[in-house]
J.: 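Below is a structure I'd like to ask you about.
Note that this is a predicted model, so its numbers are computed, not measured.
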Amino acid sequence: MTPPPAPPIVTPVLEGAEGGQVALRERGLEVLSPLEKLLARGRLRATLAMLGPAFVAAVAYVDPGNFATNIQGGAKYGFLLLWVVVLANLMAMLIQFLSAKLGIVTDHNLPELVRSRYPRAVSFGMWIQAEIMAMSTDIAEFLGAALGLNLLFGVPLLPAGLITAVIAFGILELQRRGFRRFEIAIAALLGIIFAGFVYETLRISPPAQDALKGLIPGLDGIGSLYLAVGIIGATVMPHVVYLHSALTNGRVPARDDGERRRLLRFGRLDVIIALGLAGIVNVAMLAMAATLFHTPALSGLNSIQQAHSELGNLVGGGAALMFAVALLASGTSSSSVGTFAGQVVMAGFINVRIPLLVRRAITMMPALILLAVGVSPTSALVLSQVVLSFGIPFAVIPLVMLTSNRKVMGVHVNRLPTTLLAWACALLITGLNVFLIVQQLAG
């Protein structure tokens with residue numbers, strides 16, 4: 001008996017060619033979606049392939065501004081502000097997941113949705129403040145990388161800043177050759193920062209009892225509030241709130257809401273792992289400073305250079321070397337991420353694109369001017385983080401509004417507890433900033 005003919009072989013259509021997929025399904029032929037193809041490679045390989053966007057965002061949470069605020073906070077107040085670091089990192093996890101969620105569900109980024117759903121004046125104003133935040137970000141990144149080069153190789157600060165620009169362009173070139181190469185490069189630099197501070201923590205062994213006391217909320221005057229706001233500004237970064245939604249939209253096209261739900265689970269895991277690593281780094285920074293520098297002689301420590309020098313004196317040259325390497329990795333990686341975010345912000349809010357070289361030149365100018373006139377890098381870093389904290393509500397409030405809107409999110413709209421937590425984060429940050437302004441004006 002002659003066997004029945006074999007069914008025809010169907011070559012899957014290209015990703016995103018939804019019309020072809022529909023036509024094949026109408027003919028009763030199975031077509032694997034991009035997500036199904038990915039899952040067919042095995043659970044572990046699929047998970048690793050989906051990790052990445054949150055690692056790019058996480059670099060901004062361990063940028064040189066964090067070095068400055070955490071070191072000053074630990075030196076002056078010991079473990080008092082440790083709870084601020086932990087709280088800021090938990091808020092960052094929630095906010096970054098909402099940004100990733102917005103991109104996955106809508107296939108648009110946050111600036112694009114603001115432009116499409118709000119008046120033009122609102123979108124333009126959002127762009128202006130976002131560019132100011134980008135310049136503040138560049139101050140932290142360029143100064144930090146310049147300090148890293150100075151500490152490692154003795155390069156003067158202004159030439160070190162120019163070298164940082166070149167390195168940032170090199171890393172960004174990877175993004176033009178494919179998002180995966182860029183993500184891997186940034187994740188590797190994050191790994192260097194993480195390894196550096198794990199090494200520091202193991203060498204120093206901070207007292208566990210004092211660290212646990214630092215988890216109890218409390219402040220000690222306006223100075224501690226200033227640093228607390230700076231820590232939050234250095235941790236919850238407005239430019240990567242905009243960027244994360246751009247990193248996830250269209251990364252793996254979803255065929256239906258069921259696939260979007262699976263992508264959201266991957267996105268949540270990505271955020272937990274990446275931001276968890278960033279949180280450990282921030283805790284280690286403050287714990288190191290609290291353990292070594294919170295003494296009558298060193299409590300006034302106010303520069304990263306001094307921290308590097310004292311670290312070498314108290315712990316050894318290896319610890320000082322790892323500190324400088326981590327600082328350089330932090331500055332160069334976050335500078336590249338900041339430039340990428342700037343492109344997303346301008347294209348999204350006002351639908352204008354300019355050459356990368358022009359954008360890089362404009363946003364890095366304030367940092368280079370500060371290096372040229374000899375302003376204290378650490379003081380400028382702390383101030384830049386306080387300025388950044390004032391930009392957080394402008395990113396977080398629209399994000400919460402959009403992800404809580406059923407017309408935008410459909411079945412993936414935020415649940416009530418998520419919405420309440422997100423609004424609590426936005427209001428807490430806004431309230432801290434207003435209180436700080438009032439106190440500064442009164443003083």
J.: Should we count CZ of R181 as having more than 12 external heavy atoms under 6.0 Å?
T.: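 Counting other residues, nucleotides and ligands, CZ of R181 stays at 12 neighbours or fewer.
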J.: Just by distance, do the side chain of T339 and the backbone of S335 share a donor-acceptor pair under 3.5 Å?
T.: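 Confirmed, T339 side chain pairs with S335 backbone.
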J.: Without swapping roles, check the side chain of S333 against the backbone of I186 for a donor-acceptor pair under 3.5 Å.
T.: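 Not at all, since once roles are kept as given, no pair shorter than 3.5 Å links the two residues.
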J.: Any heavy-atom pair between the side chains of M126 and R115 that's under 4.5 Å?
T.: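 Side chain of R115 against side chain of M126, heavy atoms only: no contact under 4.5 Å found.
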J.: Side-chain contact, heavy-atom cut-off 4.5 Å: Q305 with S303?
T.: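 Yes - at least one pair of side-chain heavy atoms lies under 4.5 Å apart.
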J.: Check whether any side-chain heavy atom of F323 lies under 4.5 Å from a side-chain heavy atom of E200, and answer yes or no.
T.: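 Yes, at least one pair of side-chain atoms sits under 4.5 Å.
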J.: Any sub-3.5 Å donor-acceptor pair from R41's side-chain atoms to A46's backbone N or O?
T.: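 Judged by distance alone, no pair lies under 3.5 Å.
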J.: Going through the checks in order, is the side chain to side chain contact (heavy atoms under 4.5 Å, CB included) test met by V271 and H244?
T.: CA-CA 10 Å; V271 167; H244 204 156; 3.8 Å; yes
J.: In the structure I gave you, are the side-chain heavy atoms of V315 and M288 within less than 4.5 Å of one another anywhere?
T.: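 No; the side chains remain at least 4.5 Å from each other.
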J.: Whether the side chain of S123 engages the backbone of F349 through a donor-acceptor N/O pair (distance < 3.5 Å, no angle test) should be reported.
T.: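 Yes: the side chain of S123 pairs with the backbone of F349.
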J.: Contact between L162 and V166 at the side-chain level, heavy atoms closer than 4.5 Å - yes or no?
T.: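 Side-chain contact under 4.5 Å: no.
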J.: The test is side chain to side chain contact (heavy atoms under 4.5 Å, CB included); show your working for W83 and I216 and say whether it passes.
T.: CA-CA 6 Å; W83 69 273; I216 301 173; over 6 Å; no
J.: Side chains of residues 105-114: which donor-acceptor partners sit under 3.5 Å, not counting sequence neighbours?
T.:
residue : atom : partner : partner atom : Å
T106    : OG1  : L102    : O            : 2.6
T106    : OG1  : H108    : N            : 3.1
T106    : OG1  : H108    : O            : 3.2
D107    : OD1  : G250    : N            : 3.2
H108    : ND1  : E112    : OE1          : 3.4
N109    : OD1  : E112    : N            : 2.9
E112    : OE1  : N109    : N            : 3.1

J.: Going by ring pair (Phe, Tyr, Trp, His ring centres under 6.0 Å), name the residues that satisfy it together with F293, two or more places apart in sequence or in a different chain.
T.: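 None.
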J.: Looking at CD1 of I163 and CG of N150, how far apart are the two atoms once the value is rounded to the nearest 0.5 Å?
T.: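 Rounded to the nearest 0.5 Å, the CD1-CG separation comes to 10.5 Å.
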J.: For residues A145 and L328, report the shortest heavy-atom separation together with the two atoms involved.
T.: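 Scanning both residues, the minimum pair turns out to be O-CD1, 3.7 Å.
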J.: Considering only heavy atoms from C-beta outward, does the side chain of I171 approach that of L189 to under 4.5 Å?
T.: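 The answer is yes, as the side chains (C-beta and beyond) meet within the 4.5 Å cut-off.
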J.: Compare every heavy atom of Y61 with every heavy atom of N282, then report the nearest pair and how far apart it is.
T.: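 Nearest pair, atom of N282 first, then Y61: ND2-O, 3.0 Å.
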J.: Any chance you could measure H412, atom NE2, to K101, atom NZ, to the nearest 0.5 Å?
T.: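 So the NE2 of H412 and the NZ of K101 are separated by 8.5 Å.
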J.: Does a side-chain N-to-carboxylate-O contact under 4.0 Å join R262 and E259?
T.: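 Between E259 and R262 there is no salt bridge, as every charged N stays at least 4.0 Å from the carboxylate O atoms.
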J.: Of all heavy-atom pairs between K76 and H294, which one has the smallest distance, and what is that distance?
T.: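 Here K76 and H294 meet closest at O-CE1, 3.2 Å.
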J.: Keeping S99 on the side-chain end and S245 on the backbone end, is there a donor-acceptor pair under 3.5 Å?
T.: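 Between the backbone of S245 and the side chain of S99 there is a qualifying donor-acceptor contact (under 3.5 Å).
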J.: Just do the side chain to side chain contact (heavy atoms under 4.5 Å, CB included) check on V281 and N66 with the steps written out, would you?
T.: CA-CA 9 Å; V281 170; N66 295 85; over 6 Å; no
J.: Rounded to the nearest 0.5 Å, what's the gap from CE on M237 to CD1 on I232? Could you check?
T.: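 Result: 13.5 Å between the selected atoms.
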J.: What distance separates N89 CG from L277 CG, expressed to the nearest 0.5 Å?
T.: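 Answer for the CG-CG pair, N89 versus L277, is 10.0 Å.
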J.: Return yes if a side-chain donor-acceptor contact under 3.5 Å exists between T419 and S404, otherwise no.
T.: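 A donor-acceptor contact under 3.5 Å links the two side chains.
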J.: Is any side-chain heavy atom of L51 closer than 4.5 Å to one of F266?
T.: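 Side-chain contact under 4.5 Å: no.
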J.: If you take all heavy atoms of L275 and A54, which pair is closest and at what distance?
T.: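 That would be CD2-O, 4.1 Å.
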J.: To the closest 0.5 Å, what do you measure between CD1 (I272) and CZ (R268)?
T.: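 Reported to 0.5 Å precision, the distance equals 7.0 Å.
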J.: Side chain to side chain contact (heavy atoms under 4.5 Å, CB included) for L269 and M50? Distances and angles first, verdict last.
T.: CA-CA 9 Å; L269 180 63; M50 291 300 297; over 6 Å; no
J.: Do V241 and Q96 touch side chain to side chain, with heavy atoms closer than 4.5 Å?
T.: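 Yes, at least one pair of side-chain atoms sits under 4.5 Å.
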J.: Check F197 against A326 and note the closest heavy-atom contact, atom names and distance.
T.: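 Minimum heavy-atom contact is CE1-CB, 3.9 Å.
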J.: Of all heavy-atom pairs between A329 and I192, which one has the smallest distance, and what is that distance?
T.: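 Looks like CB-CG2, 4.0 Å.
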J.: Taking S224's backbone N and O only, do any of them form a donor-acceptor pair with Y77's side chain (distance below 3.5 Å, no angle check)?
T.: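 Pair found, side chain donor or acceptor close to backbone of S224.
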J.: Going by atom type alone, with no hydrogens or angles, which donor-acceptor pairs under 3.5 Å involve a side-chain atom of residues 394-403 and a protein atom two or more places apart or on another chain?
T.:
residue : atom : partner : partner atom : Å
T403    : OG1  : L399    : O            : 2.8
T403    : OG1  : V400    : O            : 3.4
T403    : OG1  : N414    : ND2          : 2.8

J.: As an exercise, state the distance from CD1 of I280 to CE of M285, rounded to the nearest 0.5 Å.
T.: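 If I round to the nearest 0.5 Å, the distance is 12.5 Å.
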